[in-house]
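Working notes, structure below.
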Amino acid sequence: MRLWVDTDYGFDDLWALLVLRHGGVEVAGISLVAGNAPLPQVIANAQGAARHYGFTAPLHAGADRPLKRAPETAERILGPRGMQSRGAYLPEADLPPPPADAVAALATWLIAGGEQVLALGPLTNIARLVQEHPEAAARIQRLVWMGGSDGPGNHSAAAEFNALADPEAADIVARAGLPLEVVDLMACRKVTFTPDDLPPSPPLTADLLGGYLDIGLSRGRPGMAIYDPLAALAITRPEALRFEPRAMAVSLAQDDSYGATTFTAGGAGRTRLATGVDDNAARLCLAALKTVD
């Protein structure tokens with residue numbers, strides 16, 4: 001299986017790529033989007049991860065801002081690097097920036113026969129694909145997105161971060177009729193890990209995973225939810241998640257509901273929502289970190 005990944009490259013995005021590699025999935029290309037951090041930091045994270053972990057998929061820089069709203073990052077939670085750590089960080093790659101052709105590169109790959117896309121951040125690049133290359137977007141056979149919430153939010157009271165970072169893009173994708181599978185905030189919060197679950201990992205991976213765990217611990221929780229790696233698990237171990245048909249709508253109202261997603265049963269659309277998760281999902285995600293570095 002070959003897959004395209006669209007990502008705003010925080011630690012759980014990196015973890016998702018390790019889940020894909022652990023599951024034997026070849027990543028054909030990686031498009032980058034501003035989200036967890038501004039695009040230059042996202043690029044630095046992608047290049048540093050490629051250098052340290054040996055990822056070889058070509059990188060393509062994409063949107064550096066949402067379609068309409070003011071930029072919104074997760075730096076207040078994740079720090080200026082877009083990922084926390086207990087010590088070490090990704091190395092500086094000291095490379096020229098990747099080509100700024102993410103949407104065109106994804107379109108070319110789809111026209112050439114690519115089928116599956118995993119989106120791990122705001123949907124700006126995917127929405128631009130729908131707008132600028134509709135014939136290529138129509139070739140997507142499966143689009144898995146970690147985003148939205150069938151319940152309360154985590155970046156506002158109503159909205160999950162990836163949806164709130166670019167609600168107009170999420171709305172475009174929701175309306176496009178693509179075969180969309182949504183791994184939302186509620187599904188991800190069913191999959192958690194605690195200090196007792198930390199796998200034996202090499203130093204850099206252990207520091208980054210510990211920093212990610214500390215986000216939950218610092219808020220008085222016993223552990224931390226697993227977000228992007230769970231969406232990757234939907235690719236590598238599809239039996240680990242159960243999806244049901246839903247119609248997705250995104251609020252564009254300029255009020256407290258901005259970016260909120262609602263999922264309604266029924267309808268003739270092609271969207272499905274993750275409504276069940278295997279009890280072993282956390283263990284399967286953590287297994288990808290045991291032997292890397």
Side-chain angles (χ1 to χ4, degrees), residues 6-8 10 12-13 33-37 63 65-78 117-131 143-192 215-216 219 221 224-228 230-231 234 241-277:
D6 188 78
T7 171
D8 58 347
D12 62 333
D13 305 69
V33 62
N36 282 322
R65 66 195 65 206
L67 295 179
K68 293 185 177 181
R69 66 155 297 164
E72 179 85 13
T73 73
E75 291 172 285
R76 65 180 175 86
I77 300 168
L78 303 177
V117 178
L118 174 62
L120 300 174
L123 288 171
T124 317
N125 288 338
I126 309 303
R128 287 182 55 204
L129 177 77
V130 170
Q131 292 177 319
L143 170 61
V144 178
W145 178 45
M146 192 276 114
S149 176
D150 189 24
N154 65 345
H155 207 70
S156 74
E160 180 273 335
F161 173 74
N162 285 341
L164 182 59
D166 197 340
E168 284 75 18
D171 178 65
I172 288 169
V173 174
R175 295 174 182 272
L178 302 177
L180 174 64
E181 296 182 5
V182 181
V183 182
D184 80 318
L185 182 67
M186 296 297 101
C188 293
R189 284 182 167 172
K190 297 175 183 176
V191 183
T192 63
I215 295 171
R219 298 182 175 192
R221 302 169 187 164
M224 181 63 181
I226 298 176
Y227 295 99
D228 293 345
L230 184 62
L241 289 89
R242 182 178 69 254
F243 290 89
E244 297 181 5
R246 294 288 189 273
M248 184 174 84
V250 184
S251 173
L252 303 182
Q254 298 300 303
D255 57 25
D256 290 344
S257 72
Y258 187 48
T261 49
T262 54
F263 297 87
T264 307
R270 303 172 72 190
T271 298
R272 300 196 302 153
L273 175 69
T275 57
V277 181

Inset, instruction - Go through the steps for N154 and S149 under the test side chain to side chain contact (heavy atoms under 4.5 Å, CB included), then give the verdict. - result: CA-CA 9 Å; N154 65 345; S149 176; over 6 Å; no
Legend entry - Over all atoms of both residues, closest heavy-atom pair of P122 and D6: O-OD2, 3.9 Å
Legend entry - Under 3.5 Å donor-acceptor, T271 side chain and A247 backbone: no
Legend entry - More than 12 heavy atoms of other groups within 6.0 Å of R65 CZ: no
Legend entry - Partners passing side chain to side chain contact (heavy atoms under 4.5 Å, CB included) against P152 (at least two apart in sequence or in another chain): M186
Inset, instruction - Give a yes or no on whether the backbone of G148 and the side-chain of E160 come within a donor-acceptor separation of less than 3.5 Å. - result: yes
Inset, instruction - Test K68 against E168 for salt bridge (charged side-chain N to carboxylate O under 4.0 Å, His left out), laying out the working first. - result: CA-CA 7 Å; K68 293 185 177 181; E168 284 75 18; 5.9 Å; no
Legend entry - Non-hydrogen atoms of A234 and F243 that approach each other most closely: CB-CZ, 4.2 Å
Inset, instruction - Can you see which heavy atom on A127 is nearest to which on V173, and at what distance? - result: N-CG2, 3.9 Å
Inset, instruction - Could you tell me the separation between the CG atom of L120 and the OG1 atom of T7, rounded to the nearest 0.5 Å? - result: 5.0 Å
Inset, instruction - Supply the atom-to-atom distance L123 CG to R128 CZ, rounded to the nearest 0.5 angstrom. - result: 13.5 Å
Inset, instruction - Could you pull out all residues at least two apart from A34 that satisfy side chain to side chain contact (heavy atoms under 4.5 Å, CB included)? - result: L39
Inset, instruction - Please examine the side chains of D184 and R189, heavy atoms only from C-beta on, and report whether any two atoms are closer than 4.5 Å. - result: no
Inset, instruction - Taking all heavy atoms of R69 and all of L164, pick out the closest pair and write down the distance. - result: NH1-O, 2.8 Å
Inset, instruction - Give a yes or no answer on whether the side chain of E244 reaches the backbone of R242 with a donor-acceptor pair at less than 3.5 Å. - result: no
Inset, instruction - Quick one: closest heavy-atom pair of A170 and W145, and the distance? - result: CB-CH2, 4.3 Å
Inset, instruction - Please confirm whether the backbone N or O of N36 pairs with a side-chain atom of D8, one donor and one acceptor, at under 3.5 Å? - result: yes
Inset, instruction - Could you tell me which non-hydrogen atom of G153 sits nearest to which non-hydrogen atom of L185, and how far apart they are? - result: C-CD2, 3.7 Å
Inset, instruction - Determine whether L67 and D166 make a side-chain contact, defined as any pair of heavy atoms from C-beta on separated by less than 4.5 Å. - result: yes
